[in-house]
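A short write-up of the structure that comes next.
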Number of protein chains: 2
Amino acid sequence: MDRRQQKTRIAIYEALTKLLKKKKFEELTVQDIIDEANIGRSTFYSHFETKDQLLEEMCREMFEHVFSHDLTPESGHDFSGGHKGIADRLTHVLYHIKEHKENISAILGGESEQTFVRYFREFLEDAFDDVLTHMNSGVPDDFRRQFIIGSFVETVKWWIGTGLELVPEEVVMNYIAMLGRI
Amino acid sequence: MDRRQQKTRIAIYEALTKLLKKKKFEELTVQDIIDEANIGRSTFYSHFETKDQLLEEMCREMFEHVFSHDLTPESGHDFSGGHKGIADRLTHVLYHIKEHKENISAILGGESEQTFVRYFREFLEDAFDDVLTHMNSGVPDDFRRQFIIGSFVETVKWWIGTGLELVPEEVVMNYIAMLGRI
DNA sequence: CATCTTATCGAACACGATGTTCGATATTTT
DNA sequence: AAAATATCGAACATCGTGTTCGATAAGATG
């Protein structure tokens, strides 16, 4: 990839990240972004078709960076009771979030949240597919999936809302405490 | 209120409800709405400042209609264990939703969901304030609130997603089954 | 280094949606 | 019947979007 392309792409991402700290995504104009990024109008449009596609791609790339590594169920873990293994992996996810606090909490907060949350759910469904299936608890399968994931997303939103005060372990403990059992 | 005002207001609401079945809210234009409602452009703007305000008010009015009655904790109920009273009241809420299935599922589904969900949460926080406070379960108060309400909203979204197949009692049973205990 | 390639620039443009204005008309209230 | 007010609708200004294109600059290639 041409260096110039990399440069502008980074400039756009950084501009958006910076602007998201002041304004909601929907309130931003393309003009705002290209001014902040200090690039030409047509350049922006040669990289992204629309403003929404920009957010979309930024979220996607962030998820790739943040969660690309080692989130498949690690071998040799305790899945017998289901408890310990899941807790560990959830904790792991939260640590990744904490590391990328800046980018993520910039996106969250507006309604751009939607896009982020969509990717987050997708990721969780994949990453925890194994523990979500094969697990009879007397409720419909799809409901259990949606409930467990939805309430975890809710937990993370709460955590971020508090400014990530608690350590991930505590957060997961709270989550599991509310869920009762997984 | 002048009859003419009532008429146009209803026409607008009905137009929006009808259009929401085909398109997402964000994809609708004011022109679409006033065409469907068969009113003049300036008339629309004499009723609502923006399209968003229309959605806002429609949600508000719907909530007033749907949940205005008898959702305060009824006297003489069993709140000792906490279980039965809450389950009954949640069931009650779901019945109200089912009655207004048409309007609500029209709003849900797009991103207009946001607005609806906001009102729904607000309502739940008020209606269940008593059971949400004074309830020590070893997790932070605000977390417990957000978790219980958030996961109930999630449950309702799932329910609506299935086309309201289950009866409210079953839905609440599932919800409580997942929560373990309240 | 010379040349080819490609990205950026930026002004200009067409387009679509928004929200306002105002005089004419129709309906309701009193 | 008269006064008040809501609707109509065309016209308008404004703003954001996304496109186009020739000129310029920067990078890739040999």
Side-chain angles (χ1 to χ4, degrees), chain A residues 1-61 106-107 109-115, chain B residues 1-61 106-107 109-115:
Chain A
M1 195 187 208
D2 200 309
R3 284 186 212 149
R4 290 170 289 182
Q5 291 190 57
Q6 300 174 35
K7 254 183 59 182
T8 53
R9 201 158 265 256
I10 289 171
I12 291 174
Y13 285 156
E14 283 180 351
L16 179 56
T17 305
K18 185 173 176 186
L19 291 171
L20 277 175
K21 288 170 187 164
K22 304 178 200 161
K23 268 191 189 180
K24 292 184 194 173
F25 180 73
E26 318 79 64
E27 291 166 356
L28 289 177
T29 67
V30 174
Q31 197 61 48
D32 291 334
I33 297 170
I34 69 188
D35 285 349
E36 181 67 40
N38 196 32
I39 60 168
R41 181 167 196 72
S42 55
T43 304
F44 176 90
Y45 282 107
S46 76
H47 280 261
F48 304 98
E49 289 185 3
T50 66
K51 203 181 56 162
D52 291 275
Q53 205 205 342
L54 163 60
L55 180 64
E56 197 78 24
E57 299 234 342
M58 202 170 99
C59 282
R60 193 175 52 69
E61 290 206 7
I107 290 180
E111 339 267 311
S112 39
E113 187 177 305
Q114 290 271 14
T115 305
Chain B
M1 195 188 208
D2 200 309
R3 284 186 210 148
R4 289 169 291 182
Q5 293 190 60
Q6 300 174 38
K7 254 183 58 181
T8 54
R9 202 158 264 256
I10 289 172
I12 291 174
Y13 284 157
E14 285 180 349
L16 179 56
T17 305
K18 185 173 174 186
L19 291 170
L20 278 176
K21 289 169 186 165
K22 303 176 200 163
K23 270 191 189 179
K24 291 185 193 173
F25 179 75
E26 317 80 64
E27 292 167 356
L28 289 176
T29 67
V30 175
Q31 197 61 47
D32 291 333
I33 297 170
I34 68 187
D35 285 348
E36 180 68 41
N38 195 31
I39 60 167
R41 181 167 196 75
S42 56
T43 305
F44 177 91
Y45 281 107
S46 76
H47 280 261
F48 305 98
E49 289 184 5
T50 65
K51 203 181 57 160
D52 291 273
Q53 202 204 344
L54 162 61
L55 180 64
E56 196 77 24
E57 299 233 343
M58 201 170 100
C59 282
R60 195 177 50 70
E61 290 206 7
I107 291 180
E111 338 269 310
S112 39
E113 187 178 306
Q114 290 270 16
T115 306

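The figures here come from the full heavy-atom set of this structure, side chains too, leaving out hydrogens, waters and symmetry mates. A, B, ... follow the sequence lines: proteins, then strands. Residue 1 opens every chain. Since we're looking at a predicted model, the values are computed, not measured.
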*Please say whether more than 12 non-hydrogen atoms of neighbouring residues, nucleotides or ligands are located less than 6.0 Å from CD in A:Glu49.*
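No, CD of A:Glu49 has 12 or fewer neighbouring heavy atoms, counting only those of other groups under 6.0 Å.
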*Exceeds 12 heavy-atom contacts within 6.0 angstrom, atom CD of B:Gln6*: yes
Minimum heavy-atom separation for [X] and [Y], please, with both atom names.
X	Y	answer
A:Ala37	A:Ala11	CB-O, 3.6 Å
A:Ile34	A:Phe44	CG2-CB, 3.6 Å
B:Ala15	B:Ile33	CB-O, 3.8 Å

_Residue mapping more 5' on DNA chain C - nearest nucleotide basis, A:Ile39 or B:Thr50_ =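 Final value for this comparison: A:Ile39.
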*Closest-nucleotide 5' rank along DNA chain D - winner of B:Ser42 and B:Asp2*: B:Asp2
*Pick the nucleotide of DNA chain D nearest each of A:Glu49 and B:Lys7; which residue has the one closer to the 5' end?*
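Comparing both residues, the 5'-ward one is B:Lys7.
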With rounding to the nearest 0.5 angstrom, report the [atom1] to [atom2] distance, [X] to [Y].
X	Y	atom1	atom2	value
B:Leu55	B:Arg60	CG	CZ	12.0 Å
B:Glu27	B:Leu20	CD	CG	10.5 Å
B:Gln114	A:Glu113	CD	CD	6.5 Å

*Taking CD from A:Gln53 and P from D:dG18, how many angstroms apart are they, rounded to a whole number?*
10 Å
*Round to the nearest Å and state the distance from B:Asn38 atom CG to D:dT7 atom P.*
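It is 13 Å, rounded to the nearest whole Å.
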_Bounds of contact between DNA chain C and chain B, in 5' to 3' order, using a heavy-atom cut-off under 4.0 Å_ = C:dA17 to C:dT29
Is the phosphate of [N] approached by [X] (side-chain N or O, under 4.0 Å from OP1 or OP2)?
X	N	result
B:Thr8	D:dA6	no
B:His47	D:dT7	yes
A:Tyr45	D:dG18	yes

*asked:* Can you tell me which nucleotide in D:dT17, D:dA25, D:dT7 comes closest to the side chain of B:Arg4?
replied: D:dT7
*Axial bend angle, the helix from C:dC1-D:dG30 to C:dT30-D:dA1: five-pair end segments, nearest 10°*: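 The value is 40°.
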*Just checking B:Arg3: base, sugar-phosphate only, or nothing, at a heavy-atom cut-off of under 4.0 Å?*
sugar-phosphate
*May I ask you to say what B:Asp52 touches in the nucleic acid, namely base, sugar-phosphate or nothing, with a heavy-atom cut-off under 4.0 Å?*
nothing
*Measure the shortest side-chain to side-chain distance between A:His47 and A:Glu57 over non-hydrogen atoms and say whether it is less than 4.5 angstrom.*
no
*asked:* Could you check whether any side-chain heavy atom of A:Arg9 comes within less than 4.5 Å of a side-chain heavy atom of A:Glu61, counting everything from C-beta outward?
replied: yes
*Worked check of side-chain contact (heavy atoms from CB on, under 4.5 Å) between A:Ile12 and A:Phe48*: CA-CA 10 Å; A:Ile12 291 174; A:Phe48 304 98; 3.8 Å; yes
*Residues from residues 25-37 of chain A lying under 4.0 Å of DNA chain C - heavy atoms*: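 Within residues 25-37 of chain A, no residue comes under 4.0 Å of DNA chain C.
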